[in-house]
Amino acid sequence: MNANNIILIGFMGTGKTTVANILAKQLGWQDINSDEMIETAEGMPISRIFETKGEAYFREVETEALRTVLAGKERIVATGGGAVLKEENRDAMLKGGLVVALKASPDTIISRVREDASRPLLAGNLEERVVSLLKEREHAYDFAHFIIDTDVLTADQIAGRIKDYFHSAATEA
Ligand code: S3P
């Protein structure tokens, strides 16, 4: 592992953005959200990109955004939940820094994403969509250096665990 960046992966609603924000403040690093980068570059929300240009296009732009952001240093990168699906992205993440996976139970995820209509892949019956996508992606996040179960932890506690892991791994390396 290199200590250039910290990359947060995980299913939608696992708290990547919130934790990235806390970690960036605490470490004095740059806080980057790949979905936000894409929305700014494309000038429209993710849901609209899916609607007008399709998911395949979104995935291409996502790969490009990750490549750009991971070329830098001292960045906390919150990735979109599907960024792990391409091998090319997984390789770029593993080479770009410490990869941390945030996990949560279906119930936790459903309650966290319920009020937010911005995720095109969760349109329709929310419970069913979460359960079936979680099943599809059952092992998709397992390539991370460090995996945290977030169900019973606050965002501050999660950030604290990541910092501890990062400092001990960076000292060993
Ligand atoms: C997606 C997750 C979203 C966003 C897009 C697709 C996914 O990001 O990238 O809607 O495939 O899991 P969050 O994980 O930040 O919600």
Side-chain angles (χ1 to χ4, degrees), residues 1-41 46 59 61-113 116 118-119 130 133-134 136-173:
M1 163 214 135
N2 81 50
N4 286 355
N5 301 294
I6 298 177
I7 301 125
L8 304 183
I9 64 169
F11 198 82
M12 296 169 262
T14 48
K16 292 163 292 185
T17 304
T18 311
V19 172
N21 194 271
I22 296 171
L23 271 177
K25 282 206 187 91
Q26 292 181 351
L27 294 174
W29 286 15
Q30 204 183 345
D31 180 10
I32 297 184
N33 180 300
S34 66
D35 284 344
E36 277 172 21
M37 270 179 85
I38 296 167
E39 291 184 329
T40 306
I46 304 281
R59 296 298 174 201
V61 185
E62 183 173 54
T63 297
E64 194 50 46
L66 284 172
R67 194 178 323 164
T68 307
V69 74
L70 293 172
K73 276 187 166 193
E74 300 199 343
R75 291 173 168 171
I76 309 290
V77 185
T79 61
V84 297
L85 300 175
K86 278 196 201 170
E87 188 177 6
E88 182 184 356
N89 295 352
R90 296 195 294 272
D91 288 346
M93 292 185 214
L94 287 170
K95 284 190 191 117
L98 172 70
V99 181
V100 180
L102 305 187
K103 294 230 165 166
S105 69
D107 284 351
T108 304
I109 290 171
I110 290 163
S111 73
R112 287 186 190 153
V113 300
D116 184 352
S118 70
R119 295 178 172 96
V130 168
L133 266 180
L134 268 176
E136 251 175 59
R137 297 183 179 174
E138 202 177 348
H139 298 293
Y141 306 100
D142 294 352
F143 74 99
H145 296 110
F146 183 44
I147 298 177
I148 305 181
D149 197 332
T150 68
D151 279 330
V152 295
L153 298 173
T154 64
D156 280 314
Q157 288 170 327
I158 299 164
R161 296 209 181 174
I162 296 173
K163 266 194 307 181
D164 290 348
Y165 184 92
F166 178 72
H167 287 133
S168 59
T171 322
E172 273 167 29

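In this chain, numbering begins with 1 at the start of the sequence shown. As the structure is a prediction and not an experimental result, all values here were calculated from the model.
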Heavy-atom closest pair (Leu66 atom, Ala83 atom, distance to 0.1 Å) is CD1-CB, 4.0 Å
Which heavy atom of Thr150 sits nearest a heavy atom of Ala104, and at what distance? OG1-CB, 3.5 Å
Has the side chain of Tyr141 got a donor or acceptor atom that lies under 3.5 Å from a matching backbone atom of Gly81? yes
Over all atoms of both residues, closest heavy-atom pair of Met12 and Ile109: O-CG2, 3.3 Å
With sequence neighbours left out, the residues meeting salt bridge (charged side-chain N to carboxylate O under 4.0 Å, His left out) with Glu88 are Arg67
Looking at every non-hydrogen atom in both residues, tell me the closest pair between Trp29 and Glu74 and how far apart they are. CB-O, 3.1 Å
Distance col, row Leu70:CG vs Asn89:CG, nearest 0.5 angstrom, shows 9.0 Å
Nearest 0.5 Å, what's the CG-OG1 distance between Leu8 and Thr79? 7.0 Å
So how far is it from Ser34 OG to Glu64 CD, rounded to the nearest 0.5 Å? 12.5 Å
Residue pair Thr154, Asp156: steps toward the side-chain hydrogen bond (donor to acceptor under 3.5 Å, both in side chains) verdict: CA-CA 5 Å; Thr154 64; Asp156 280 314; 5.1 Å; no
Does the pair Ile162 and Val19 meet the rule for a side-chain contact (heavy atoms from CB on, under 4.5 Å), with working shown? CA-CA 9 Å; Ile162 296 173; Val19 172; 3.8 Å; yes
Write down the atom of Ala159, the atom of Gln26, and the distance for their closest heavy-atom approach. CB-OE1, 4.4 Å
Assess, by modelled atom type and distance only, whether the side chains of Thr63 and Lys86 contain a donor and an acceptor separated by less than 3.5 Å. yes
Give the intermediate values and the outcome of salt bridge (charged side-chain N to carboxylate O under 4.0 Å, His left out) for residues Asp149 and Arg161. CA-CA 11 Å; Asp149 197 332; Arg161 296 209 181 174; over 6 Å; no
Straight-line distance of Ser168 OG to Phe146 CZ, nearest 0.5 Å: 8.5 Å
Does Asn2 reach the main-chain N or O of Lys95 with its side chain, forming a donor-acceptor pair under 3.5 Å? yes
State, yes or no, whether a side-chain contact exists between Asp142 and Lys103 at a heavy-atom distance under 4.5 Å. yes
Taking side-chain contact (heavy atoms from CB on, under 4.5 Å) as the definition, give me every residue that meets it alongside Glu136, ordered by chain and number, with sequence neighbours left out. Leu133
In Å, rounded to the nearest 0.5 Å, how long is the span from CG of Leu102 to CD1 of Ile147? 10.5 Å
Does a donor on one side chain and an acceptor on the other come within less than 3.5 Å for Ser105 and Asp107? no
Under the side-chain contact (heavy atoms from CB on, under 4.5 Å) criterion, do Ile9 and Val100 qualify, and how do the steps go? CA-CA 6 Å; Ile9 64 169; Val100 180; over 6 Å; no
Would you indicate whether the side-chain heavy atoms of Ile148 and Tyr165 approach each other to under 4.5 Å? no
Does Val99 offer a backbone N or O that forms a donor-acceptor pair with the side chain of His145 under 3.5 Å? yes
Please check if the side chain of Asn5 supplies one atom and the backbone of Arg75 the other of a donor-acceptor pair under 3.5 Å. yes
Please list, chain by chain and in numerical order, all residues satisfying salt bridge (charged side-chain N to carboxylate O under 4.0 Å, His left out) with Arg59, sequence neighbours excluded. Glu55, Glu62
Is there a donor-acceptor pair closer than 3.5 Å between any side-chain N or O of Arg90 and the backbone N or O of Phe143? no
Pick one: which of Asn33, Ile7, Ile32 meets side-chain contact (heavy atoms from CB on, under 4.5 Å) with Val69? Ile32
Could you tell me whether the side chain of Leu27 reaches within less than 4.5 Å of the side chain of Lys163, counting heavy atoms only? yes
Going from CG on Asp151 to OG1 on Thr108, what distance comes out if it is rounded to the nearest 0.5 angstrom? 3.5 Å
Taking all heavy atoms of Ala155 and all of Thr18, pick out the closest pair and write down the distance. CB-CG2, 3.9 Å
